[in-house]
Amino acid sequence: MAQINFGGSVEEVVTREEFPLEKAREVLANETIAVIGYGVQGPGQSLNMRDNGFNVIVGQRKGKTYDKAVADGWVPGETLFEIEEALEKGTIICFLLSDAAQIELWPTVKAHLTAGKSLYFSHGFGVTYKDQTGIVPPADVDVFLVAPKGSGTSLRRLFVEGKGLNSSFAVYQDATGNARTKCIAMGIGVGSGYLFETDFYREVTSDLTGERGTLMGAIQGIFAAQYEVLRENGHSPSEAFNETVEELTQSLMPLVAENGMDWMYANCSTTAQRGALDWWKPFKEATKPVFQKLYDSVKSGEQATISITRNSQPDYREKLEVELAELRDSEMWIAGTAVRSLRPERN
């Protein structure tokens with residue numbers, strides 16, 4: 001592992017240099033990797049592993065998602081199977097269904113976890129909250145996770161571009177003595193940029209906080225607040241959306257991704273720099289109590305209970321669509337659709 005200094009804190013990470021793809025292929029040469037679920041993470045991870053030369057099969061129920069797998073080149077009866085058959089064939093079971101679906105399918109998965117197999121997750125939820133989910137792996141199987149820090153779509157897109165999405169990894173149970181090596185090999189195989197070590201509890205608490213915070217919940221709240229203030233003060237939808245979302249996502253965040261926040265500041269006008277430097281601390285002071293409240297809710301298990309309860313209801317999809325429609329049908333995101341349609345095409 002490579003030692004990297006993160007602002008005074010030294011951390012060990014795994015890069016492709018010390019654990020190259022060839023080594024990952026060697027470690028997993030005799031494994032059949034069964035990806036269960038072809039929804040959010042399933043496509044990106046399975047396609048990346050397939051393209052990297054691993055022996056991968058997909059387990060998915062018949063329906064639209066199954067048809068998508070066929071369209072992606074998975075062959076029924078050869079590399080695409082019903083879930084039970086994929087579980088039987090697989091030696092590494094990649095359990096990539098949603099948290100609620102994992103709870104429902106767990107008895108079926110557990111029945112196929114014979115001694116020496118591996119159970120792979122990309123989220124620590126099911127195992128961490130085992131008292132609520134019932135997901136308790138048998139003692140004679142390896143249990144580990146690789147959690148890409150982004151969507152499966154981004155994982156695949158970056159892979160196709162020859163890049164990688166950073167991932168965390170963790171070993172929960174080492175029954176064979178080889179769990180850690182297999183886990184890292186899987187992380188390289190799915191297309192990780194670099195791998196940093198965690199445990200199942202820290203992965204799920206940081207992930208739930210991030211999703212509800214700056215990655216999704218907080219950013220939507222901040223967008224909505226600024227957009228509404230601008231609109232209430234006479235600015236047009238186009239102006240409000242461009243100043244709130246479009247400039248951030250299309251111009252400024254790419255600069256942050258490239259070289260950091262300080263570099264982005266340095267490449268903006270002195271007026272913008274002055275305003276940003278004057279206002280970032282008041283925003284931090286205003287929002288840190290909210291983030292602490294959020295983290296405490298995650299740590300207590302409250303957020304897990306809410307997710308399990310709501311996402312397990314039979315009418316969950318219908319209720320979810322109503323909530324998503326509130327975003328989609330808001331003026332801000334209708335304006336966003338219009339703005340995106342006006343982006344010029346490159347010749």
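Each residue takes its place number in the sequence, starting with 1.
- Of the possible polar contacts, none joining the T309 side chain to the I306 backbone as a donor-acceptor pair under 3.5 Å is found.
- Between the E18 side chain and the T15 main chain, a donor and an acceptor come within less than 3.5 Å of each other.
- Between the side chains of Q41 and S122, no donor-acceptor pair is found at a separation under 3.5 Å.
- Here Y295 and F291 keep their ring centres 6.0 angstrom or further from each other.
- A distance of 13.0 Å separates CG of N55 from CZ of R25, quoted to the nearest 0.5 Å.
- Side chains of S154 and S151: a donor-acceptor N/O pair is present below 3.5 angstrom, by distance only.
- Put simply, the side chain of T176 gets close to the backbone of N178: a donor and an acceptor are under 3.5 Å apart.
- E203 and T198 form no side-chain donor-acceptor contact under 3.5 Å, judged by distance and modelled atom types alone.
- Rounding to the nearest 0.5 Å places CG of L97 at 14.0 Å from OH of Y38.
- The pair E246-R343 meets the salt-bridge criterion, with a side-chain N (NZ, NE, NH1 or NH2) lying under 4.0 Å from an Asp/Glu carboxylate O.
- Between atom CD of residue E82 and atom CD of residue E88 there is a gap of 14.5 Å, rounded to the nearest 0.5 Å.
- Ion pair R202/E197 not flagged as a salt bridge, since none of the NZ, NE, NH1 or NH2 atoms sits closer than 4.0 Å to an Asp/Glu carboxylate oxygen.
- For the pair R328 and E321, the salt-bridge criterion is met [side-chain N within less than 4.0 Å of a carboxylate O].
- The backbone N or O of F241 sits nowhere less than 3.5 Å from a side-chain atom of T244 that would complete a donor-acceptor pair.
- Side-chain atoms of K117 come within 3.5 Å of backbone atoms of G90 as a donor-acceptor pair (strictly under, hydrogens ignored).
- Y66 carries K62 over the face of its six-membered ring, with the cationic atom under 6.0 Å from the centre and within 45° of the normal.
- For the side chain to side chain contact (heavy atoms under 4.5 Å, CB included) criterion with I36, the lone passing option out of L87, I57, L96 is L87.
- Using a 4.0 Å cut-off between charged nitrogen and carboxylate oxygen, R61 and E84 count as a salt-bridge pair.
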Test side-chain contact (heavy atoms from CB on, under 4.5 Å) applied to L165 and F159, step by step | CA-CA 8 Å; L165 191 64; F159 178 87; over 6 Å; no
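- R50 forms a cation-pi arrangement with W74, by the criterion of a distance under 6.0 Å to the ring centre and an angle within 45° of the ring axis.
- Under a cutoff of 6.0 Å and an axis angle of 45°, K89 and F81 form a cation-pi pair.
- Considering CD1 of I184 and OG1 of T181, their distance stands at 6.0 Å, rounded to 0.5 Å.
- Side-chain contact check for Q102 and T133: no donor-acceptor pair (N or O, by modelled atom type) lies under 3.5 Å.
- Side-chain atoms of M186 and F144, non-hydrogen and from C-beta on, do get closer than 4.5 Å to each other.
- Using a 4.0 Å cut-off between a side-chain N of Lys or Arg and a carboxylate O of Asp or Glu, D51 and R156 qualify as a salt bridge.
- Judged purely by atom type and a 3.5 angstrom limit, W263 has no side-chain atom pairing as donor or acceptor with the backbone of E258.
- K182 and D142 are joined by a salt bridge, as a carboxylate oxygen and a charged side-chain nitrogen come within less than 4.0 angstrom of each other.
- Interatomic distance, NZ of K319 versus CD of E323, reported as 9.0 Å (0.5 Å rounding).
- Between the side chain of T305 and the backbone N or O of G301, at least one donor-acceptor pair lies under 3.5 Å.
- Separation of atoms CD1 (I103) and OG (S312) is listed at 5.0 Å; rounding is to 0.5 Å.
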